[in-house]
Amino acid sequence: MEALFEMIRRGDRPALARAISLVEDGAPGSRELVQAAYRTPGNSRIVGITGAPGVGKSSLVDGIVNELRSMGRSVAVIAVDPSSPFTGGAILGDRVRMKHRTTDPHVFFRSLASRGHLGGLTRATGDVLTLVGVAGFDDVLVETVGAGQSEVDVMKYANTVLVVLSPGLGDAVQTLKAGIFEIGDVFVVNKADLAGADRTRAELEMMLDMRPPGGWRPPVLKTVATTGEGLPELAGAIEAHYEYLKSSGGLKARVRNRFLASLEEYLKREMVDEVLRAASASGELERCLAALEAGKDDPASAASRLASQYRAASSCSALVPSERS
Amino acid sequence: MERKIRVLVGKPGLDGHDRGAMVVARAYRDAGMEVIYSGLHRTPEELARMAVEEDVDVVALSILSGAHGTLVPKVIEHLKKEKGGALDVLVLVGGVIPHEDIPALKAAGVAEVFGPGTSTEEIVEYTRTHVREKRAS
Ligand code: B12
Ligand SMILES: Nc1nc2c(ncn2[C@@H]2O[C@H](COP(=O)(O)OP(=O)(O)OP(=O)(O)O)[C@@H](O)[C@H]2O)c(=O)[nH]1
Ligand SMILES: [Mg+2]
C-alpha cells in the first residue's frame, strides 16, 4: 500500500485508478491508503455539478475541463451515475460527452456508480476526493447523478456548486421547491440554443432577488455546452466564487463541511452496523422483527430499544481494560 | 462481498452501429456489473486511457465496420503502453467479424470473439468465468 500511495503522489494514472477501486470496494488495505491520504492532503478546488437528468451536466463538464486546461490548470473529474436497485449493476455514460482533452496528460476522468447510496453521490465520495487531491490536481469536478429535489449531498463536498437547468423544465414554483435551488453558488441555464432560455433565466434571477440580501449573490449564466458558448464566462464565475470564499472565510467552512460529511458516513456505517450486529448476536433483532410482524411493536420504539441496549452493553465492556482506549 | 466486475464497452473507429454495444452493455448491467460506455468514434488511444482510468477488468470492443484488423491490435498496444507493459485486462471483441480473421485477433491478445446472434447469457457467462480466472492469476 505504501508503494501504491507513493505512486499516486507521483501522479501515476493506473495507481490512482486502482486506489479509487480499492477505496470504493472497502478492499483490504484501503484503510491504510485512506489514512495516509488524509495526512497528506492536497489543495484541489472542488466544483460540484448537479441538476436534473439530461440537462447537460456531462457536456458542461467537458466544456469546463477544456476551459480550465486552457488556463493551465490540471483537472480530475468524478462522475456519478445511478446503480440499478434490482441488479446492483450500472451503465455509466457520462464519458460519452467527453470530446475535448480526452488524452490530455493533465486530465483524469473516473466514473462511479452510486451503489445504492442516496443523495446523488456515492458513499466513498469523500475518500475518493481526498485520493484525487493527493495526486495533485488543481481542480476536481464532481458530477452528481441526475438530481431531483433532494439529492443535495454535493453541497457537503464541493467548494462551489453549479446548479444546471435547461429551458422548459417546469415553472418557477418547481424550481423553488427543489432542494437543489438552495445549494447553487452559480446557476447555469444550459441549452440556451433552445426556446425559453431567457424566460428560465429571468425567473431564476427573480427568485434569487427575493432572497435576503448580503453575502454571495449567485450569478445566472446561459450556456450552450455543445458549442462552448458561455463556457469562458462560466469558468470566470467559478473563479470569482472561489475568490469570494477565500476572502470571506467561507472556504474554511466548506472544507470543514466536507470532513464532517465523511465523518458522518463512517459513523453511520460503524454505528448502524455495530448495533445491528450486536442485536443479531443477542437474538434481540429477531425478537424485534417478530414483534413488528405481529403488530406488537413499531420501528421507532424498536430502534430506541436496540440503541439503548447497545449503549448499556458497550458502557459495561468499556470498564474492561482493552488493548488501548 | 465479491468485488464488482467493471467493463468498458468501447466503440473504436468510424463505426456508427451501436445497437450491439447497447445490448451487451445492458446484459452486463443486468448481470450486476458496472459498465462504462465509451460513446461512438473513439480512437484506440482514448479507449486505452478509459480502460486505465476506470480500472476495468474487461475491455469489450464492438466493431461492425470491418476495421477490426487494424483497430483491435492498436487498442491492445495502447493498453500495454498505459499499463507499463502487461495486458492485465480481458479483451473481448464482438460484432461482424469474419471467421478467418479470428486467429489474428487472438494472436494479438483478444481472449474471445462473439459474432451476430450470440446469446447475451453466453457473453455474460464467459466474461464472469474469465474475469475470475484473471483475478485469481
Ligand atoms: C442495423 C444495421 C445498421 C443500422 C445501424 C443502427 C444502429 N444505431 O446501430 C444503420 C441503418 C444505421 C446502418 C448503417 C450502415 N451499415 Co449497417 N447494418 C445493420 C445490420 C443490418 C444489423 C446490425 C445490428 O444492429 N444488429 C443487431 C445487434 C444486436 O447485433 P450485433 O451488433 O451483431 O451484436 C451482437 C453480437 O455481434 C455481439 N456483439 C456485438 N458487439 C459486441 C461486443 C462484445 C465485446 C461482445 C462480447 C459481443 C458483441 O453481441 C450482440 C448480441 O448477439 C447489419 C447486418 C447484420 N446482420 O449484422 C448491417 C451491417 C453491419 N452494416 C453494414 C454497412 C456497410 C453499413 C453502412 C456503411 C451502409 C451504408 N453504405 O450506408 C452504414 C454505416 C453506418 C455507420 N456510421 O457506421 C455492413 C458492414 C459490412 C462489413 N463489416 O464489412 C453490414 C454487416 C451489412 C452487410 N452485410 O453489408 N446499419
Ligand atoms: N441543444 C442542446 N443540447 C445539449 C446541450 N448540452 C447538452 N445537450 C444534449 O443533451 C443531452 C444530455 O446531455 P448530457 O451532458 O449527457 O446531460 P447530463 O445532465 O449529464 O445527463 P445525466 O448524466 O444522464 O443526468 C445530450 O444529447 C447532449 O448532446 C446544449 O447546450 N444544447
Ligand atoms: Mg451526465
Side-chain angles (χ1 to χ4, degrees), chain A residues 4 7 12-28 30 58-59 62 76-116 122 124 128 131-132 135, chain B residues 1-12 18 21-58 60 75 78-89 120 124 127-128 135:
Chain A
L4 188 64
M7 286 165 83
D12 185 272
R13 189 176 303 274
L16 176 58
R18 193 82 267 277
I20 292 176
S21 304
L22 293 175
V23 164
E24 259 199 299
D25 292 341
S30 60
S58 302
S59 308
D62 181 48
V77 179
I78 303 297
V80 187
D81 267 334
S83 298
S84 156
F86 303 106
T87 67
I91 294 183
L92 311 175
D94 292 321
R95 281 200 98 109
V96 173
R97 311 291 172 214
M98 296 305 288
K99 302 288 181 217
H100 300 94
R101 317 275 181 177
T102 49
T103 53
D104 186 324
H106 302 290
V107 175
F108 180 90
F109 191 112
R110 177 59 175 254
S111 316
L112 299 179
S114 65
R115 297 195 178 175
T122 87
V128 170
L131 283 176
V132 170
Chain B
M1 196 185 74
E2 198 181 1
R3 224 172 87 205
K4 282 250 179 265
I5 295 178
R6 286 173 68 93
V7 185
L8 172 67
V9 170
K11 284 291 304 175
D18 61 0
M22 296 322 275
V23 167
V24 172
R26 285 195 177 192
Y28 281 141
R29 188 218 27 212
D30 293 343
M33 304 180 193
E34 290 181 353
V35 181
I36 295 89
Y37 179 50
S38 73
L40 292 174
H41 309 315
R42 294 304 186 177
T43 65
E45 196 186 354
E46 287 180 308
L47 290 170
R49 270 285 290 266
M50 292 183 189
V52 167
E53 292 180 344
E54 301 292 352
D55 192 32
V56 294
D57 304 282
V58 185
V75 172
H78 280 288
L79 271 172
K80 287 182 179 163
K81 204 163 82 187
E82 292 257 358
K83 296 255 193 178
L87 185 65
D88 61 353
V89 294
T120 53
V124 166
T127 305
R128 210 179 252 143
R135 281 180 177 175

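Below, chains carry the letters A, B, ... as their sequence lines are ordered, and counting in each starts from 1. Just so we're clear, the structure is a prediction, and the values are computed from it rather than from any experiment.
- Checking Asp55(B) against Ser21(A) by side-chain atom types alone, a donor-acceptor pair falls below 3.5 Å.
- Taking a cutoff of 4.0 Å between a charged side-chain nitrogen and a carboxylate oxygen, Lys81(B) and Glu45(B) do not qualify as a salt bridge.
- A 4.5 Å side-chain heavy-atom check between Val7(B) and Asp57(B) finds every atom pair outside the cut-off.
- Annotation: maximal heavy-atom pairing with chain B below 4.5 Å, among Ile20(A), Asp81(A), Val96(A), Asp12(A), occurs at Val96(A).
- Put simply, the side chain of Ser58(A) does not reach to within 4.5 Å of the side chain of Met98(A), judged on heavy atoms.
- When each of Arg49(B), Glu34(B), Met33(B) is scored by its heavy-atom pairs under 4.5 Å with chain A, the top score falls to Arg49(B).
- Taking chain A as the reference chain and counting heavy-atom pairs below 4.5 Å, the highest number among Arg26(B), Arg42(B), His41(B) is found for Arg42(B).
- Looking at Ser84(A), only its side chain comes within 4.5 Å of chain B, counting heavy atoms on both sides.
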